[in-house]
Every structure is written in C-alpha cells, then in structure tokens.
There are 2 protein chains.
Amino acid sequence: MKRNIYLKKKTLEEAKAASLLLANLVCLEAERIPVARSLGRVIAEPLFARISSPPFHCAAMDGIAVKAEKTYGATEESPKILLIAKDTFFVNTGNPIPKETDAVIMIEDVHLIDPERVEIREAAYPWQHVRSAGEDVIATEMVFPENHKITAYDLGALLASGYQEVKVKKKPRVLILPTGSELLEPDESWFSRPDARPGVIESNSYVLSGLIIEDGGIPIRHPIVRDDRNEIEKALLSSCEGADLILIIAGSSAGSEDYTRSVIEELGEVLIHGVSMMPGKPTLIGKFKERPIIGIPGYPISAIISYEELVRPILKRSLHLVNPERQKIKAFPTRKIPSKLGTEEFLRVKIGSVGGKFFVTPLPRGSGMITSLTRADGIVRIPTLSEGLDENEEIEVELLKPVQEILNTVVMVGSHDLTLDILANTLGRFYPPIFLSSHHVGSLGGILAIKNGICHMAGVHLFDPDTGEYNFPYIRQYLKGIDLRVIHLVNREQGLIIQQGNPKKIEGLGDLLRKDVSFINRQKGSGTRILLDHTLKTLSIESDQIKGYGKEEYTHMAVASTVASGIADAGLGILSAARALGLEFVPVCTESYDLIIPSVHFEDEKVQRLIETVRSEEFKKTVLQMGGYEVSRTGEELT
Amino acid sequence: MKRNIYLKKKTLEEAKAASLLLANLVCLEAERIPVARSLGRVIAEPLFARISSPPFHCAAMDGIAVKAEKTYGATEESPKILLIAKDTFFVNTGNPIPKETDAVIMIEDVHLIDPERVEIREAAYPWQHVRSAGEDVIATEMVFPENHKITAYDLGALLASGYQEVKVKKKPRVLILPTGSELLEPDESWFSRPDARPGVIESNSYVLSGLIIEDGGIPIRHPIVRDDRNEIEKALLSSCEGADLILIIAGSSAGSEDYTRSVIEELGEVLIHGVSMMPGKPTLIGKFKERPIIGIPGYPISAIISYEELVRPILKRSLHLVNPERQKIKAFPTRKIPSKLGTEEFLRVKIGSVGGKFFVTPLPRGSGMITSLTRADGIVRIPTLSEGLDENEEIEVELLKPVQEILNTVVMVGSHDLTLDILANTLGRFYPPIFLSSHHVGSLGGILAIKNGICHMAGVHLFDPDTGEYNFPYIRQYLKGIDLRVIHLVNREQGLIIQQGNPKKIEGLGDLLRKDVSFINRQKGSGTRILLDHTLKTLSIESDQIKGYGKEEYTHMAVASTVASGIADAGLGILSAARALGLEFVPVCTESYDLIIPSVHFEDEKVQRLIETVRSEEFKKTVLQMGGYEVSRTGEELT
C-alpha cells in the first residue's frame, strides 16, 4: 500500500504564480462567429470600422430637408415658401437627406400650405439637425482592440461598423474527470433505483461545470472513474486530446487509493502538491501532455475554493480577461473566530446589516458542507499569518450576494424552529423580496444577541421554573434598559423523538436512565436544554446517569436526524421535526415560542412585513399542517 | 398627415411605477429541467431535501473504521492490535463506515503489522473523524425557498439533496419588433450587396436581445417592419401570441410615420407616452392583448436607457429577482457640465483614476452615438431638478466596468493621433491588461489637464513661432513649477486633406481663399489649429477670408471624414488620417508629437509599461506602416 506524501506544501501565492505560468500553455485559436451570437466572447484581433456610422448624412429630427441657402431671409414678417419635392423633402429621424440638401427644419416649424407647398418663418443654418456621416464611427477607425470582451452594447457598435461576423477566441475547453469508487452518477443513486449500491452522489463536476460556464469556458465532463490507477490513466489519455485544461477531482490527498499524483508523475509533471489553504489543501498542480492539469480535492468546498483560486485565473488568463474581484464591505465578527496559523482560511459567513453596521457570523467550517457556501452571504479570508479574528476587529468580507439583498434581510438569532423556514419562504414572496437569516444558537444566545445589538429579533422559548412563565423573566433579567416588543409566534409541543416503531419501548424521560438507551442532547443555552434540565430536576433524574447527555446538537432537525440514523435512541425536540423524518414522538410539554424585537427595529419596514406575515391566515394554516403547533395567539403582542 | 403629440410627459419615477405594475401581467409557468442545466434559473417552489447529505455515516479522513469501544485502553505503552476485516476496515475519505463501527482512526496513526493486523497506540472516541448522516443536509429540510436563483454552488446542494430535476420558472419571452423603412437587415446592407438600397443597419434589436439574455429572458426578434400602419398591426397581431412582453422599436416619437402609438391606442391601451428622461424621452408604455408593451425609441442610446430603466424591471419582477444595481464610486467632473432642468439625464462618462481621485469626463451626449456607451466607463445620473454638475462637486458614478480596469487605465489628455490606437491595442496585451483612455481636447487642453492634475500624461504638438521649438516653450509658460518628463512619441506630417482625385485642384493653403473651396477647421487650442493660424500668418492669409474656417472638428479623423463625405473640400490634418479614408494629401510641414508626463506619475507601473511599449521595435514598425510618421527618436526622453 503506497500512500502519497505531500511535496513541500506551498503558500497560496506560490501556487497562484505556478498556475498562472501554466496558463501560457493554453493557446486559444480564433473562430469567426455571427455578431448576433457573440455576446460575452473575446475579440481576437483589433477591429477597424468597415463603414461609417451614420453611413450618410441623415435627419436628426423629423421635418423637412432643405438647402440652407434657399431659406436665408425667412422671418416671421417675411416667410418663405418652398416647393415640396423640389426645394424641400419630408424626412423622418434617421432618413438620409437628399444630396442637394444640407439642413433639416423641425416639423413643428413647418407650415403646410397645400400638398405642394410649405411655408417657413426662420432661416436654417447649414447642417442644422443633420447627423453627418461618421458622426458616431468613422470608417477605418479602431472600434475595439483585441482582447475586448463583447458586451450587449458592443453588438450595436459592431453591426453599425459593418460587421456581421466577428473573429473571437475559441472558448477554453476544460476536461473534468471525477474519480472515486464511492461515487454514484446522479441517476444511479439508490433512491431513484432501489437496487443500486449506496454511495455518494457525484456533484463536484456539475458545480465546476457551472463555474467554468460562468468563466467563459466549455466544461467536458467525463463519467466517474473508479479508484483504479489503470482506469484513471486510460481515462486521462483517451480524453485529454480536445481539452485545453484538465481537472481531475479527488485522489490527490493521502489515501491509499489516491492515484492522481502517481499518474501525473509518471505521464506528466507534478509541480505543486499541497497548498497551505483551507479548504483546498490537497490541491495538485502539474502538466500533462503540455496542458495544465489541476488535481482538485474531493470535498465540495475544497473543490470550489481550489477552482476559484487556482483554475479560474488560468481560464481568465487564457482569454486575456481580468480575474474578477468580488465586491467587498467592511464588517465586524459577532464573536472571536480562531484560525490556524500558517494557513489561509476561506471562512464562509452570514452577513447581517443591523443598526448601520455589518456583522459576520461564521458558518460551519467543514469542507464537506456544501450548504456552508450555498447559505453564505460572503467569504472572509483569514491570512496565513493570522491566528483568527477578534470580536471587535473591523474585517473585509467578499460578497457572494448583492449588498441590496443583505440590506433587505431580517437577522434573527436564537432558537431553532421549523416554522422559520415557512416564514422565510413567505417573506421571499414580497417584491422586492425580504430575506430571513436565522442563526440557531439557542434561546439564551438570542437574548445575548439582542443585548449586543447584532440582530433585528430573537426567537426564544425560555421557561422560568420560579414563575412558571415563558421568556419575560429572562428579558427582565438580561435585557434591562432595552426598549423591546414581544410578538408571540407559536405554541409548540416538545417531547422525546424516538425511532420508528419505538424498538426500545421508550415512554418518557425516565427511560433515559436505562443502560440500553442512548440520548442526544441540545446545546447549553438552548431553550430545549433548559426545559430538559428543569424537567429532569422535577423528576429528580441525575443528568450524569443519562448515556449521551454530553453529546450536543444545535437544531431540532439535527437531533431528529441523529435518532433517525441510529446514533442515538432518543432526543428532546419538537413534534414537527419528528414528523419530518417519520419518527415517533412522546410528548413532554407545550411551550411558548416568542419573538423579541428591540423597539429601534420594530418600525423597520422589513420587520413590519415579517410581523404582517406571521399574522396572516396563510402562515397559520401552513404551520398547523406541520403538526405539533398551536396558533390561537400567533402574531399577538405580549406584554 | 397625422402626428403624435405626447401625452402629458411623466417623470421617470412615474413611468417606473407604471411599468412595474404592468409586470403583474406577466405570469411565468413552471417547467421541470435537469439540475445540470439549471444554472441561473429561478426555483418555482420551495425545495425540501429528498435525502440527507451525507446519506450515511462516512469517513472524514483516510484511515481505519473501528468500534470506538474496542480501542479503549490503547496507549503508547500498551498498544492494541486489531484484526483487519473483523475489528477494523480500511476506509478512504467519503467511504461509508461499516455498520458495526462508529469511529475512524487516521491512517497516519495506524501501524500495519502484517496483512491481517494493525496496531494502534491511542484510543478513539465515538464518532471521531466521522461525518454523520445529515451533517450537511437533513432529509425534508428546506434547501432553497421558491424564487431562489440557482448558482453554480447550488447545483451541488441540489444533487446532494437528491434532485436530478428541478422545477423552475420559464424564462420570460420578449418579442422585439424593429420598425422603420430606412432600416436594413445586417445582411442586406449595401457593402455586402452592392445592389442594395442605402439605409441604416438595424442593430437595436440585437443589443436589446443581448440585454434580455443577460437578464434571464428569451428574445424573439421579428424581422424589420416598414413604417406602415397595417404592417405594424399585422406583425403585432401575428407574433404576440407566444410572448410575455412586447418591445416595439421606433415609431413612438412625433414623426409623420410614427404609428406605434395609434396602433396600440386602437388595439390596446396607451398608459404613458413621453418620459422626462434623456436619452429615452419618446418611450411609450402600454398594454396589448393583456401583455405589457413598451415603445422603445429608435436612437441606440435612447433604446438602451429606455430598456434598462423600464423594461429590465419588468423582467426582473416577473422572475421575482431583485433589479440589479451597478457598483457606484464617488468622482469629480473635470469640468462644469450643464444639464436640462426638468429632465433626468444619463450622462455617459470616461473615468480616470489619477492621484488617488476619480475624475469623470463626459462623452458625446447625442442619443445616436452608440460609441458614447461602448467607450463609457460609467454613467452619471443628473437628477430632474438639477441644472448640471459643477467642476468640484463630488458626484456618484455607476460603473459599467470593473473598478480594477479603471485603476489600470493610463489617462491621456491632449491632441489626437492615430498611433494612440496602436498604443492602446498593444498595451492591452500585457497581463493583467493595461488600458489607455485618450481624450482628444487638443494640445492646449492636454497642458491644462496636466496643470489640473487630472491625467497621467498629455499628448501635445505645439509649435512656438517665436523660438521655432515644439512644446517646451508652452511647458515653460503654462506648467511652471510642475516637475515633468517629456517623452518623444513621433514626428508626423501635417498637410491638407483633400478629396480623392483632387477635383478642385487644391495645391496649398493659398487655395483656401478660393470662393469654390470650403474648409473644415480644427478646434481652438489644438496644435493643428495653432499650426494653421501660424502658417496662415506667415503667408499673410486672413482667416476670415476662408470659407468654413468657423466650422470645427475635434480629431484628424473627423476632419478627414468631413472631407470624404463632401461637406468640405479641405482640412488640415495628418497623412495617416487621409490615407485611412483613401483621400489625397498636400504636405504642409513636419511636427513633433510628444508625451508630457508629471514626474509623480512617471514611475507608476502602467506608465512605465506604456513607455516601454513606445520604445519597442514592434510599435515603431506598426507606426511606420501607417505612413506619415518618422520614428528615429521615438521613445527618447527630451530635455
């Protein structure tokens, strides 16, 4: 069993320099295509106008064309009469003016006497209201230099300069070779074919194809290749011919079945293996048959970052286009974010615009989490020589979404609830759409976020054992002095989520003490955890007697999923989460889930739209359909 | 002859509101398409994950899968031995872990004893290095809300959530009807078919098609329709069926053959006719067969502004996408720019980044000038209630190009010369490309721009009659105290540009006094004008005796074009301009064209690249091929 050992890891800067050098291997030929289909293409040679525009002297106004000399002397007192079709000719804007004329008089200033004669009361000067030939483009002038990317506007200039076809660079062709014995083509996954083997759906090649199309290239996807050295070699050799650039996905890390490096080492040249960035470390850069070849890591986020940092520049360079930069804004982290020294980290973040400042909250950092990128609003680059970000440090964020969208987002922090998805979907129906960004850090986390001014509202369900009251005791204790409004969202049922068919016959919290029952807990500070701890106390159950009490999840769905997959036998959560995954449910209690909104944000239009939505019959109806909810007071303001 | 009279003109805001309301008429159906082809499409219904991702517990590292319990007690001192294929199983990243295991030990920490046994020296804890099922996406969770636009990243999340097909909104179909009897299809213009009638090439529909594609719609171009009421009516009625939205180009202004309004009035409803914006005033907004119809003005820039302000919002609204905003920067006008009160003007500008500030210079304002948009870096909106921009007023500019491109542009102001096109094209070959933005305001204008600090260099050829010297006397007089460098560009021949075959037998400046000879002049402050005036003085010719002396053009090519089109018989200009248009040339003198560069910009990298290019043999060779130039000292620094 031979394993790869990384070549000396290179910095991202070194890797970028190497991949840009490799770009010189890509030489794109030119091709001639119709102007009408040339949008976004890159001009291969400087274009000089073949004709002038306008091609002749033409009327700039609707009116009559005249020889100016013939109008001299015309005034209000002594008008002049001109003969139609002899001295003067009707013209509309854009019409060529007859050869014998050199001026246009506006139709408003022309008095028709009879079908043969008009009268004018003011003289025209030569070339008045005439667009002279070549006013816009003069034949032989350079219209566009080579390497110019054709915009929609440019189509007009090209046609007006006499081009029906244009010579552009061919699009770079990128061969994508996904490797991995565990991979399934999307149409052979087991849920579409019950007889199929279990595996992971190959999606990286489709994501990369999308990015390549956006970057002006042509993706050529090869079917999945098994982790077999010969097959990888065969696939590479048989498919590389038509490609300008090769991406081989996975197989470049340290696993026993990672053959990418050895194949390239034997048939080409490995220049770099291992880049000090995260995600994306196992990237490989090399040459294969005089083409650049990039070994792209197999984790989705690694694959994307590796592509964007090291492959996109090659494509852009080959087309001679500037590598695009994302729009950047200044923002503040909502908490300290440590990062590994010596590695450039690409942190995916949610961005909230609250009280005139932008705040960033990190999303999960695992490179296997595609949703950490699809849900992200931006990316923070943590430099190699940094140990992370401080809470009050102003940082730069690269935007993945238009800033308007971020400004139109209600930021909610606190407890997780499934009705928030419904709320988000419904808010999106306004136009312009309102977005809801909800961060599930538990009810106490929500209270803290209100205190720190980093959200528009908090979703909380905090039971106070002393008073038996929900939420208000906590508001009084932690948010003293902050002017607030409280809107009731739902009452919901909490209970034990247990496996289908209840194989372990769990009937209540007491069963958690059993040796054969394992539990999955919620994180400290979540309302559900507080509820659990309070109820256990009431029942005099010691938490350290519960197997799995120490393992925490952050959402109801994560708890349900942990139970569904057999990692745990039971967890405390809401009925709708159990239903969503077809699990069983043993009710424990009903609780009030409320929205705490600082008064400063209450009149904010998007917050008002949210409250309006919560109060709508449609919202309540959809919530009831999920089960486990009670909406009789939904939308009411609590005091 | 019936003419249109505008309905009471509306403000742009009123017109926008009306067109947004009309957007409600556009109801896009949903269609099911493969995920692989869904990039950029808009999701028609909220999507809930069909499977979890990962779909099973899988290895997060390459190594061995074990049941954690079986490793308890292993230490450096007392290692544990595990049996391969019984206690433990080799797994690579992404592989499902066998049902009986719950942890992965990294391959680096595994010691292979023989093909049947491995040794470990540290215990594993449960679920270490395991990605649990649903870590990324949990089945039934909402993956995307409706109205979400699919990015390349999203393709990965969709496939991983079990989607092979996705329900998206159909693209809005936009019927484009170009009208105008003077129009020619691109392939029927007279230079491709010598027998064709002269006319204007129809290009608006292609520009609009490009914009519609970029905005997510499908353009359906109807062939050109003549200015004939019946034909327009027929075309509309026969083609509107499959369209969600109709654009009818031209025919909505006040001309005698403008039928757009009357057709819509009769068969539909005109809501607005005339919008107080410039360009774009004659826009019409109405309904036709329960669809929005927009009468788009015929001038290219009017058509584009009208589309972007009033049609794009309808398309975006129908797809429920946010109307995009361009990036904005703060800048300063290089001079006072008056604008008409009561009209919102869209001024196209060049932007220069000089000395840490952005400066804007307006491009020609005529709505017929497509190059005023293809050459523009940005657009300045001058509000309805403004009479224009002041020279030192900070204004907002909407960018049409990435700001990087503007930052990488050498700003040159001064005299026009044809070698500047060659220079621009050659600079563009650097990577990242360097851009050259040259403003032709004459040599004195260049000197003034240096004085005002709004350019990196000035191109001048100013003859001083007192000393017989070029440029330096002017520098001494006007740029005292500014540290400068002067690089010689070319020597070039100036002379009279005259018509082919020299029909008027013009042989020198003396012939300009003839009654039958008309002249076209250059603007005051241009080096050519100064040269002319000086030479006339030497020859004792009175300029007011020259017919056409008062009519000015701004570039050599414009002078040549004026002669070529017969408006004038002669003009003073450079040989290369005469050659470009196949005109004749009577030499008058040779002059030195130099680049004046403030020392503060001299070491700027892009300026250095420009000087390097000027000094290259390739540049000199290309210049010599144009004729009329002498390059023996090209690139030399003059003192």
Side-chain angles (χ1 to χ4, degrees), chain A residues 36 39 46 51 56 62 92 94-96 131-134 136-138 140-142 145-147 152-157 159-160 162 164 182 186-187 191 198 200-201 203 206-207 210-211 254-255 257 300 322 325 368-371 373-374 404-405 421 424-425 428 432 557 561 565 567 580-581, chain B residues 36 39 46 51 56 62 92-96 131-134 136-138 140-142 145-147 152-157 159-160 162 164 182 186-187 191 198 200-201 203 206-207 210-211 254-255 257 300 322 325 368-371 373-374 404 421 424-425 428 432 557 561 565 567 580-581:
Chain A
L39 183 65
I51 52 167
F56 37 67
D62 298 316
N92 275 320
N95 289 156
R131 296 185 63 212
S132 55
D136 195 3
V137 179
I138 299 174
T140 77
E141 260 188 328
M142 186 166 78
E146 65 189 280
N147 295 321
Y153 306 154
D154 297 341
L155 303 178
L159 291 168
Q164 294 161 46
E182 79 283 12
D187 63 353
F191 62 87
V200 174
I201 296 164
S203 61
Y206 295 95
V207 174
L211 293 170
E257 295 184 339
V322 176
E325 276 180 22
M369 311 277 273
I370 184 70
T371 55
L373 204 42
T374 58
Q404 298 151 272
E405 224 170 90
D421 278 353
N425 193 61
M557 280 303 280
S561 173
S565 69
I567 298 179
L581 296 186
Chain B
L39 182 65
I51 52 167
F56 36 68
D62 298 316
N92 274 321
T93 308
N95 289 155
R131 296 185 62 212
S132 55
D136 194 4
V137 179
I138 300 173
T140 77
E141 260 188 329
M142 185 167 77
E146 65 189 280
N147 296 320
Y153 307 153
D154 297 341
L155 302 177
L159 290 168
Q164 294 161 46
E182 78 284 12
D187 63 353
F191 62 89
V200 173
I201 295 165
S203 62
Y206 295 95
V207 174
L211 294 169
E257 294 185 338
V322 176
E325 275 180 23
M369 311 277 274
I370 183 71
T371 55
L373 204 42
T374 58
Q404 298 151 270
D421 277 354
N425 193 60
M557 280 303 278
S561 173
S565 69
I567 297 180
L581 295 187

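Chain naming here is simple, since letters A, B, ... match the order of the sequence lines and numbering starts at 1 in each. Hydrogens, waters and symmetry mates are skipped; everything else that's a heavy atom, side chains included, is used.
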_When Ala424(A), Ala36(A), Gly428(A) are compared by non-hydrogen pairs under 4.5 Å with chain B, the top option_ =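 Winner by heavy-atom pair count: Gly428(A).
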*With a 4.5 Å cut-off on heavy-atom pairs, point out which of Leu155(A), Ile138(A), Leu581(A) contacts chain B the most.*
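Most heavy-atom pairs under 4.5 Å with chain B: Ile138(A).
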Smallest separation among heavy atoms of [X] and [Y], with atom names:
X	Y	result
Phe56(B)	Val200(A)	CZ-CG2, 3.7 Å
Ala152(A)	Gly210(B)	CB-C, 3.9 Å
Gln164(B)	Pro186(A)	NE2-O, 3.1 Å
Pro46(B)	Met142(B)	CB-SD, 4.0 Å

Contact part of [X] toward chain B, heavy-atom cut-off under 4.5 Å: side chain, backbone, both or neither?
X	answer
Pro300(A)	neither
Asp421(A)	both
Leu373(A)	both

*Is there a side-chain contact between Glu182(A) and Asn92(B), using heavy atoms and a 4.5 Å cut-off?*
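Glu182(A) does not reach Asn92(B) side chain to side chain.
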Most heavy-atom pairs under 4.5 angstrom with chain A, which of [options]?
options	answer
Leu211(B), Asp136(B), Ile567(B)	Asp136(B)
Asp154(B), Asn147(B), Val207(B)	Val207(B)
Ile370(B), Leu39(B), Val322(B), Val137(B)	Ile370(B)

*By side chain to side chain contact (heavy atoms under 4.5 Å, CB included) - contacts of Ser203(B) (at least two apart)*: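 Ser203(B) satisfies side chain to side chain contact (heavy atoms under 4.5 Å, CB included) with Leu159(A) only.
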_Can you list everything that forms a salt bridge (Lys or Arg N to Asp or Glu O under 4.0 Å) with Glu146(B)? Sequence neighbours excluded, please._
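Here the qualifying residues are Arg429(A).
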*Let me know if Glu325(B) has heavy atoms under 4.5 Å from chain A in its side chain, its backbone, both or neither.*
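Glu325(B) touches chain A through backbone and side-chain heavy atoms alike.
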